[in-house]
Each structure stands twice: as C-alpha cells, then as structure tokens.
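Scroll down for the structure; my scribbles are underneath it.
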Amino acid sequence: MKILVTGGAGFVGSHLCASLLESGHQVICLDNFLTGSKANIAPLQNNSHFELTEHDIRDPLPAGHYDFIYHLASPASPADYSAMPIETLLINSIGVRNVLDLAVAAKAGLFIASTSEVYGDPLVTPQTEEYWGNVNPVGIRSCYDEGKRFGEALTVAYQRRYGMRVVLGRIFNTFGPRMRADDGRAVPNFINQALAGQPLTVYGDGSQTRSFCYVDDMINAFKLVLHKVAEDGAADSSWRDLPLLRIVNLGNPAEMPVLELAEKIKAMCKSDSEIIFQPLPQDDPLQRRPQLDKAKDWLGYEPKVGLEEGLAKVIDWFKASGRLSR
Ligand code: NAD
Ligand code: UDP
C-alpha cells in the first residue's frame, strides 16, 4: 500500500515508518521537524520505498493518491506544547482539517493520533472510550487537550458528512528509543538524569499514576488498525458505502505511581542520584489507565512488552546513542 505518515520523523512516527517499510509498504513521511529530527529517519533514507516531504501540515497538503494516512504530526510532550501553545492549537485544528481534506480527496483510510489527554484529569478509572473527560479549557495543557478534542470533533463531523473510513486512536503514554533526551517527558528525563548522576526530578509527591506502553506494542496496534480498515474495503469507489468510525484506546493497562517509576529507573541504571521533589505542574492528571477492551475485541490487540523489558531497551539506547546532553 501507499501510505502517508504525517509526523513520521518524530519518536512514534519514525518507528511506524520503519515498521511499514519492513512490511513492504511504500511510505511517504511528511514532517517539518518542529519536534522530530532527521536523525530519526536517517536509516530509512536509502530505502527506495521511502520518501520524505518537508511540509508544515498547517499549510494545505500536496494532493496525492494514498491508500492510507496515519496522522501523527503534533507536539506531544507537555514541555513542547506548553512552549508552543498557539502552534499546537493550529496544528491540531487547521492541520487536522488539511489532513481530512486530503483523505477525502484521496479516498484514503485514515488513522488520527489522538490522546488520553482528551480525558484530562479523569474522574473515572480506568478510562473508557465513553468517558467525556475532565479538561480545564484554559489551563496550561489546554492547547494540547482542547486541540486534540477539537481534532476529534472535526474528524467526526467529516466522517458524518463524507462517510470516511477513520479511526481515532487515543494513545496513552508511550515510550521507547528515539525519545528526545530533552523532550521533558518522565521516561527520558529520569533515564538521562540517572545516567548523568543528576537528581531525578519527581513533580508533586509522585503519587500521580501513568500507564506506560512500549513503542513496539503501539506500532503493532497501529498496524492492526491498518489491517482492519483494509479488511473493510480497498480505497476504491465502494469505499463510501463502507463508512467506518472507530474510537479506540491504545496503550498498556499496567498503572504505576510516578515516584515508583523514578525509583525503578534509578535502580535499573544503578545510579546514586537522589530523587528530589518539584512542584506539580498545573492540571497534571492524577491518574491514567486505559480500558482496552475495545482494542482487544476489535483489533485483537494486547500489549506484550513489560515495563522493565521496555525500560532496559531505552536505557541501552540512550547509553549507546550518546544523546545524553541536555
Ligand atoms: P514527537 O514530537 O516525537 O513527534 C511529532 C512529529 O510531528 C515530529 O516529527 C514533528 O516534527 C512533527 N510535526 C509537528 N508539527 C508539525 C507540523 N506543523 N507539520 C509537520 N510535522 C509536524 O511526538 P510523538 O511522541 O512521536 O507523538 C506522535 C503523535 O502521537 C502526536 O500526535 C501525539 O499527540 C500522539 N501521542 C503520543 C503519545 C506518546 O506518549 N508518545 C501519547 C499520546 C498521543
Ligand atoms: N514527571 C515528573 N518528572 C519529570 C517529568 C515528568 O514527575 O521530570 C511527571 C509528570 O508531572 C506527570 C508524569 O510524570 O505526572 C508523566 O509525565 P509525561 O510528561 O511523561 O507525560 P504526561 O504528563 O503527558 O502523561
């Protein structure tokens, strides 16, 4: 298949591009390197089935025939999006519109990378797809949370009007090699602090929870989506008769307090660093755990990589890549 991956030079996108190429697909990576990097896709550049288009998704997208589009382009780390709030809102509104227009014109199946952040600071746990969320519309995370919620609303409106085949994947915390050492997220922060002998910075008292998914499991879920959408009909004239809208949580249900994550990483890095406590950022969700029944029933998805196994790979990667400077 001919597949467009927006945000393909980012952390998750670069793993997706590599995996799609391995499965024999033709991959067009579209990125403007706002938070991604050329280094992430350097190993793919010699593959004749790989193409890079440097483009900002806020600008109308070049027309093209695609069988499927994965839309991932957006800042994702709280440090990134709170430094670029207006950009983040426009990327997740105008950018999503441009992707939807392209998908309609190309009659392509579409996966939109949404997020567990649409649930905000959730009042129910685990979070099911039916939960409407608890989001502060004017807080420091709102550029991302409300941006992604708008992107979902726009997608559903397009789907209702045009009968597209589209999947909204609500992605929960995902980690793996190629996260930027300085992107501010907990896993790269703690690993790089531990390896550099610096204090591990736990925000708040560290009792807030997250559920961490290793990137290989997430990519497996993305590819199961492709398989399912393709099963529902090729991108041909019959596609309008086969509309599809799925909203599905993707992640790993193993939930743990952030302090426990810091302690685990410190031990795995055999580090003498101390753990220090810093103020909890505004609206930092206190709990997060996906209900994955839909992903299991519809996709046959189940995460396979345990937290320690995944962390060991990322620690080795940061050691080997030399990306320790902050
Ligand atoms: P990332 O920042 O590593 O990758 C995002 C990519 O999008 C980068 O390569 C960046 O340069 C590109 N991009 C940003 N703005 C762009 C624009 N205007 N035009 C073109 N390209 C642009 O982030 P990631 O962790 O790989 O996340 C990928 C997607 O998954 C994002 O949509 C994010 O919201 C979603 N997501 C990720 C997680 C996670 O834990 N990693 C969790 C929930 C949702
Ligand atoms: N966090 C932390 N120290 C850090 C970075 C993050 O305690 O150096 C906390 C953060 O406050 C949040 C959790 O770890 O409660 C996960 O943060 P991350 O930025 O990885 O993802 P998100 O908040 O988007 O889930």
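Counting starts at 1 for both ligands and their atoms, in listed order. Just so you know, these numbers come straight off a predicted model, no measurement behind them. One is the number of the first residue; the rest follow in order along the sequence.
Heavy-atom proximity to F33, at under 4.0 Å, picks out these atoms of ligand 1: 11 (O). Those atoms of ligand 2 with a heavy atom of V202 less than 4.0 angstrom away are 7 (O). Here is the list of ligand 1 atoms found below 4.0 Å of a heavy atom in G36: 8 (C), 9 (O), 10 (C), 11 (O). Set against the non-hydrogen atoms of S114, the atoms of ligand 1 under 4.0 Å away are 44 (C). Close approach of ligand 1 to H55 is summarised as follows: ligand atoms under 4.0 Å from at least one heavy atom of the residue are 19 (N), 20 (C). Under a 4.0 Å criterion applied to the non-hydrogen atoms of N189, ligand 2 contributes the atoms 4 (C), 5 (C), 8 (O). Close approach of ligand 1 to N173 (heavy-atom distance below 4.0 Å) involves ligand atoms 40 (O).
T174 contributes a side-chain N or O that, together with a main-chain N or O of F172, makes up a donor-acceptor pair within less than 3.5 Å. Between the side chain of Q127 and the backbone N or O of R289 there is at least one donor-acceptor pair closer than 3.5 Å. A donor-acceptor pair is defined here as one N or O able to donate and one able to accept, closer than 3.5 Å; no such pair exists between the side chain of K264 and the backbone of L311.
By the criterion of a heavy-atom distance under 4.0 Å, neither the backbone nor the side chain of H71 is placed next to ligand 1. When non-hydrogen atoms are compared, ligand 1 lies under 4.0 Å from the backbone of F11 as well as from its side chain. At a heavy-atom distance under 4.0 Å, atoms from both the backbone and the side chain of R185 approach ligand 2. Contact annotation for N173 and ligand 2: only side-chain heavy atoms (C-beta onward) come within less than 4.0 Å of the ligand. Of the heavy atoms in K148, only side-chain atoms (C-beta onward) come closer than 4.0 Å to ligand 1. With a heavy-atom cut-off of 4.0 Å, Y144 touches ligand 1 through its side chain alone.
Residue-to-ligand polar distances keep I171 apart from ligand 1: every N/O pair is separated by 3.5 Å or more. Considering backbone and side-chain atoms together, T174 places an N or O closer than 3.5 Å to an N or O of ligand 1. Annotation: N32 places an N or O atom under 3.5 Å from an N or O atom of ligand 1; distance criterion only. Residue contacts with ligand 2: R288 is placed with a nitrogen or oxygen under 3.5 Å of a nitrogen or oxygen of the ligand (distance criterion only). Considering both main-chain and side-chain atoms, T35 comes within under 3.5 Å of ligand 1 through a nitrogen or oxygen pair. Below 3.5 Å of separation, one finds an N or O of A186 facing an N or O of ligand 2. Between R210 and ligand 2, at least one N/O pair is under 3.5 Å apart. At under 3.5 Å, a nitrogen or oxygen of I57, whether backbone or side chain, sits near a nitrogen or oxygen of ligand 1.
Look at R170 and E152 and you find a salt bridge, because one of the NZ, NE, NH1 or NH2 atoms lies within 4.0 Å of a carboxylate O, short of that distance.
Considering only non-hydrogen protein atoms, atom 26 (O) of ligand 1 sits nearest to V12 N, 2.8 Å. Distance from atom 18 (N) of ligand 1 to its nearest protein heavy atom, with residue and atom name: D56 OD1, 2.9 Å. Nearest to atom 39 (C) of ligand 1 among the protein's heavy atoms is R185 NH1, 3.5 Å. Summary of contacts: the protein heavy atom closest to atom 13 (C) of ligand 2 is V258 CG2, 3.6 Å. Scanning all protein heavy atoms for the shortest distance to atom 3 (N) of ligand 2 gives T201 O, 2.6 Å. Residue, atom and distance of the protein heavy atom nearest to atom 10 (C) of ligand 2 are D284 OD2, 3.3 Å. From the protein, the heavy atom lying nearest to atom 32 (O) of ligand 1 is L72 O, 2.8 Å. The shortest contact between atom 4 (O) of ligand 1 and any protein heavy atom is with G10 CA, 3.4 Å. For atom 9 (O) of ligand 1, the nearest protein heavy atom (residue, atom name, distance) is D31 OD2, 2.6 Å.
For the pair P303 and P253, the minimum side-chain heavy-atom distance is below 4.5 Å. P188 is not listed as a side-chain neighbour of R180, based on a closest heavy-atom distance of 4.5 Å or more. Side-chain contact check for E129 versus K294: some heavy-atom pair is nearer than 4.5 Å.
If you run side chain to side chain donor-acceptor pair (under 3.5 Å) between R288 and each of N173, T209, T125, only N173 comes through.
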Could you give me the CA-CA distance, side-chain angles and deciding distance for E309 and Y214, then say whether side-chain contact (heavy atoms from CB on, under 4.5 Å) is met? CA-CA 9 Å; E309 186 186 347; Y214 188 65; over 6 Å; no
Derivation and outcome, side-chain contact (heavy atoms from CB on, under 4.5 Å), residues R58 and E87: CA-CA 9 Å; R58 285 169 290 181; E87 292 82 350; 3.6 Å; yes
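The heavy atom nearest to atom 15 (N) of ligand 1, considering only L250, I91, I112, is found in I91. Of the candidates S116, G169, A76, A9, the one placing a heavy atom closest to atom 37 (C) of ligand 1 is A76. Taking each of G7, A73, S74 in turn, the one with a heavy atom nearest to atom 5 (C) of ligand 1 proves to be S74. Scanning Y203, Y81, F172 for the heavy atom closest to atom 6 (C) of ligand 2 points to Y203.
The shortest separation from a heavy atom of Q278 to ligand 2 is not under 4.0 Å, leaving the residue out of contact. For R141, the closest heavy-atom approach to ligand 2 falls below 4.0 Å. Ligand 2 has at least one atom lying under 4.0 Å from a heavy atom of G184. Within the 4.0 Å heavy-atom cutoff, F175 does not count among the residues contacting ligand 2.
Ring planes of F222 and Y70: parallel class, angle under 30° (limits at 30 and 60°). Using cut-offs of 30° and 60° on the angle between ring planes, the pair Y158 and Y162 is tilted.
Here R246 pairs with nothing under the salt bridge (charged side-chain N to carboxylate O under 4.0 Å, His left out) rule; sequence neighbours left out.
To the nearest 0.5 angstrom, L102 atom CG is 11.0 Å from H71 atom NE2.
A pairwise comparison of heavy atoms in M218 and L250 identifies CE-O, 3.5 Å as the closest pair.
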